[in-house]
Amino acid sequence: MIRAFIALPLPAEIRSQLAVTQFLLPLPRPVPPANMHVTLAFLGEVPEAVLEEADTAFAALRAAPLTLSVSGLGVFGGEKPRNVHASLAPSPALDHLQGRIVQAARRAGIRVAGRRFVPHVTLGRMSPGQVGAHELAKAFGEIGAVASPPFTVAEFALYRSILRADGPVYDVLAEYPLGG
Ligand code: ATP
Ligand code: MG
């Protein structure tokens, strides 16, 4: 079995910008900038043969490159924050592609959870309650508006994730060009 997910890689300039933001936030477990990404579909633990079939389906998808931008900071976990992230500005093209990727994965036999897609870049994780919601809100206020210039993403990728005690290790298993 392979723990896998589909995500968009981010340009180095955007990851650098977000690395600066990370330093201004109370983040017990910051995401290394090299690992920053936008998850489109978490595939979970998938048998290799199924993943190969899904790979064929992902490779068959045709879509134009995406123009995206970072816009704002957010928290998952409410009063007991567990994830601090940068949000992406709304992109109908991204939503559409994400839906097609989930559909392709399901057709290949992968059970993908049907939760609403909230495009984001995780900046850090914490045990629930480790950092107070109020403390985070205060840091957000001090940082002010976080926004990036528009950037282009010309591929999505299939990642393997190996969970380690000192954090996950991601490997790109396949890249799928957009508009190529
Ligand atoms: P760790 O679990 O050690 O904190 P991680 O979450 O980065 O590290 P994975 O759990 O392998 O590593 O997740 C890979 C990607 O998929 C991450 O972007 C993660 O946020 C996302 N992800 C993980 N589980 C789910 C899930 N159940 N639903 C949606 N996305 C998920
Ligand atoms: Mg995880």
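All values below were derived from every heavy atom in this structure, side-chain atoms included, with hydrogens, water molecules and symmetry-related copies excluded. Just so you know, ligand 1 is whichever comes first in the structure, and atom 1 is the first atom listed for that ligand.
At least one donor-acceptor pair under 3.5 Å links the side chain of Gln98 to the backbone N or O of Leu40. Ser91 contributes a side-chain N or O that, together with a main-chain N or O of Leu94, makes up a donor-acceptor pair within less than 3.5 Å. Side-chain N or O atoms of Arg111 include none that pairs as donor or acceptor with a backbone N or O of Leu43 at under 3.5 Å.
Every pair tested for side chain to side chain donor-acceptor pair (under 3.5 Å) that includes a residue from residues 8-20 fails, sequence neighbours excluded, so the list is empty.
Ring orientation note: the planes of Phe76 and His120 are nearly perpendicular, at an angle over 60° on the 30°/60° scale.
Between Tyr176 and Phe156, a ring centre-to-centre spacing shorter than 6.0 Å is recorded.
Within 4.0 Å of ligand 1, contacts by protein heavy atoms are made from Arg3, Phe5, Arg29, His37, Thr39, Phe42, Arg115, Arg125, Ser161, Leu163, Pro168, Tyr170.
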